[in-house]
Number of protein chains: 2
Amino acid sequence: MKATKWTKKPLEPNWFRAEEEKSVADKVYDQLRRQIVTLQRRPRDPLREKLLVDEFGTSRTPVREACLRLQRDDLVCITPKSGTFVAPIWIPLVLDAHFLRMAAETAVIKELSVKISDEQVAELADIVERQIEARKANELAVFGRLDELFHSNLYEFAGHPHARRAVERQKVHWDRIRYVAIPDMQHTSEVIHDHNAIVEALQKRDPVLAERAVVEHLRTLPDYLEGLSRSRPELFETKM
Amino acid sequence: MKATKWTKKPLEPNWFRAEEEKSVADKVYDQLRRQIVTLQRRPRDPLREKLLVDEFGTSRTPVREACLRLQRDDLVCITPKSGTFVAPIWIPLVLDAHFLRMAAETAVIKELSVKISDEQVAELADIVERQIEARKANELAVFGRLDELFHSNLYEFAGHPHARRAVERQKVHWDRIRYVAIPDMQHTSEVIHDHNAIVEALQKRDPVLAERAVVEHLRTLPDYLEGLSRSRPELFETKM
DNA sequence: GTGAAATATCTAGTATACTAGATTTGCATT
DNA sequence: AATGCAAATCTAGTATACTAGATATTTCAC
């Protein structure tokens with residue numbers, strides 16, 4: 001057995017594995033994350049590894065990996081030898097998530113408004129149509145998913161899917177806020193109005209108008225946050 | 001022993017632990033990351049857990065944790081039951097890292113140019129001064145650190161440190177490119193010129209001029225990447 | 001020699017055991 | 001009852017063992 005044979009690299013490892021079966025750790029992560037974002041687990045709740053192990057029926061390793069990932073997402077705080085806790089909603093983090101989203105999406109829309117295709121405009125218009133229907137049917141969950149789709153399509157069409165990923169990693173903090181106060185009917189009405197304005201600006205291929213529409217769409221969020229943090233202070237943390 | 005006692009939350013866990021001693025896993029992560037970014041470990045090199053364990057003198061667990069974090073950073077590819085490899089430099093990822101940085105930094109500079117203090121302008125000017133000295137002394141490492149400091153100060157002064165974090169997490173892919181071709185003297189000269197333009201615009205509190213200066217500073221990078229990927233194709237990967 | 005099946009070996013994912021340190025509990029003393 | 005202190009107990013970090021599956025090597029028929 002020649003040593004050199006063992007050190008040579010594989011010719012072509014699977015860099016782009018199409019389908020990836022989820023590991024146990026991934027499933028635990030997904031579920032815990034969902035629970036935290038939806039406030040089923042609330043800020044400052046302890047996350048006892050032992051209980052999670054019993055709940056998920058796994059060993060400590062996948063649970064621990066999930067918690068470590070959540071820590072990197074700023075969704076849990078881990079204090080060695082002490083405990084793991086659901087992180088409070090850090091206001092500076094939410095504000096910066098919003099700032100980053102605003103910055104990225106205005107840049108995206110400026111690029112997009114000069115190169116978007118007719119088919120893509122039609123697809124965005126179709127999403128807004130379906131949002132109107134979801135609003136009529138009072139299906140807020142569907143409405144939310146369509147909202148996600150609308151914005152992610154902006155990044156995809158502009159050719160910046162990875163920028164979207166980076167923005168979304170921060171956006172999780174904002175998502176948690178959406179569950180502090182479930183969006184009401186008036187809110188959905190405003191969203192539809194704003195989305196329509198964005199689609200129209202893109203249709204006209206007008207970068208200035210499009211940017212203004214995006215800014216308008218995202219403008220009100222910080223004030224909203226301010227109000228929420230006053231009415232539910234136990235969920236928030238101002239310094240970080 | 002009352003059950004209720006065991007479920008109550010700690011009054012005030014250490015959310016803001018000032019000093020955090022680094023775990024073994026953190027050290028392994030830092031070192032591996034540095035090796036990958038500086039191309040001491042090159043794209044497509046296998047990362048054998050056993051060898052790393054011997055090298056770092058730890059058990060598998062911290063090494064594995066480090067690799068998982070690197071995977072989330074898109075710096076390594078893990079194929080279950082097969083192997084772990086240093087990821088190629090994905091061009092779409094680098095371009096989007098650049099796009100995000102451009103978007104964030106133009107937004108930062110626009111905010112900053114209306115609220116920056118005289119002391120902060122002076123601090124930025126001082127950094128540029130020190131860059132000029134580093135250039136004269138031919139200290140490229142110092143120059144690079146000052147460059148980092150200049151840009152990170154923009155985020156700090158604008159009050160968006162967490163947005164900076166998100167941008168920097170992507171920027172690691174660009175950093176790897178800096179080691180494909182070490183920046184030369186001409187490059188440092190351009191950087192100093194651009195930084196001076198930014199400081200001057202901030203001094204005048206002129207948002208339009210400031211934004212233009214930032215765009216100008218970051219404008220040339222994609223073309224540079226194009227050239228590099230042609231001359232060193234073995235390090236890169238165009239599709240993702 | 002060539003090709004294919006059989007075998008050996010290595011891999012990452014998971015389970016479990018152990019450690020040191022932080023926190024809580026309970027008791028003794030006042 | 002209040003307080004200080006020691007023991008018990010829980011925690012996250014680390015080490016090790018085991019598994020299934022992917023890859024590499026060898027064997028063997030032809």
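In what follows, every chain begins at residue 1, and chains take the letters A, B, ... in the order their sequences are listed.
- The interatomic distance linking A/K81 (NZ) with D/dT14 (P) rounds to 8 Å, in whole Å.
- Scored by the salt bridge (charged side-chain N to carboxylate O under 4.0 Å, His left out) test, A/R41 finds A/E55 as partners (sequence neighbours excluded).
- Within residues 51-63 of chain A, the residues that have a heavy atom under 4.0 Å from DNA chain C are, in order of number, A/T58, A/S59, A/R60, A/T61, A/P62.
- In this structure A/R165 satisfies the salt bridge (charged side-chain N to carboxylate O under 4.0 Å, His left out) test together with B/D74, sequence neighbours excluded.
- Between B/F85 atom CZ and C/dC10 atom C1' the separation is 11 Å, expressed in whole Å.
- In this structure, A/K50 atom NZ and C/dT23 atom P are separated by 22 Å, rounded to whole Å.
- A salt bridge does not link B/R44 to B/E234: none of the charged nitrogens lies less than 4.0 Å from a carboxylate oxygen.
- Applying the side-chain contact (heavy atoms from CB on, under 4.5 Å) rule to A/R145 yields the partners A/A141, A/V142; only residues at least two apart in sequence or on another chain are considered.
- Separating the CZ atom of A/R64 from the C1' atom of C/dT19 is a distance of 13 Å, rounded to the nearest angstrom.
- Taking 4.0 angstrom as the limit, B/R48 places a side-chain polar atom (N or O) nearer than this to OP1 or OP2 of C/dT11.
- Straight-line distance from the CG atom of B/D26 to the P atom of D/dG13: 9 Å, rounded to whole Å.
- In summary, A/K50 and A/D54 engage in a salt bridge, as defined by a charged side-chain N under 4.0 Å from a carboxylate O.
- Per the geometry, CD1 belonging to B/I78 stands 16 Å off P belonging to D/dA22, to the nearest Å.
- Atom CD in A/E65 sits roughly 15 Å away from atom P in D/dA12 (whole-Å rounding).
- Atom CD of A/Q71 and atom P of D/dA12 are 11 Å apart (whole Å).
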N/O-N/O pairs, protein side and nucleotides 6-8 of chain C side, under 3.5 Å:
none

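- Shown here are the salt bridge (charged side-chain N to carboxylate O under 4.0 Å, His left out) partners of B/D223, two or more places apart in sequence or in another chain: there are none.
- The shortest distance between the side-chain N/O atoms of A/T84 and the OP1/OP2 oxygens of D/dA12 is below 4.0 Å.
- B/R169 meets the salt bridge (charged side-chain N to carboxylate O under 4.0 Å, His left out) test with no other residue; sequence neighbours excluded.
- Every residue two or more places apart in sequence or in another chain that forms a side-chain contact (heavy atoms from CB on, under 4.5 Å) with B/V37 is listed here: B/R33, B/V172, B/D175, B/Y179.
- Every side-chain hydrogen bond (donor to acceptor under 3.5 Å, both in side chains) that B/E226 has, sequence neighbours left out, goes to B/R230.
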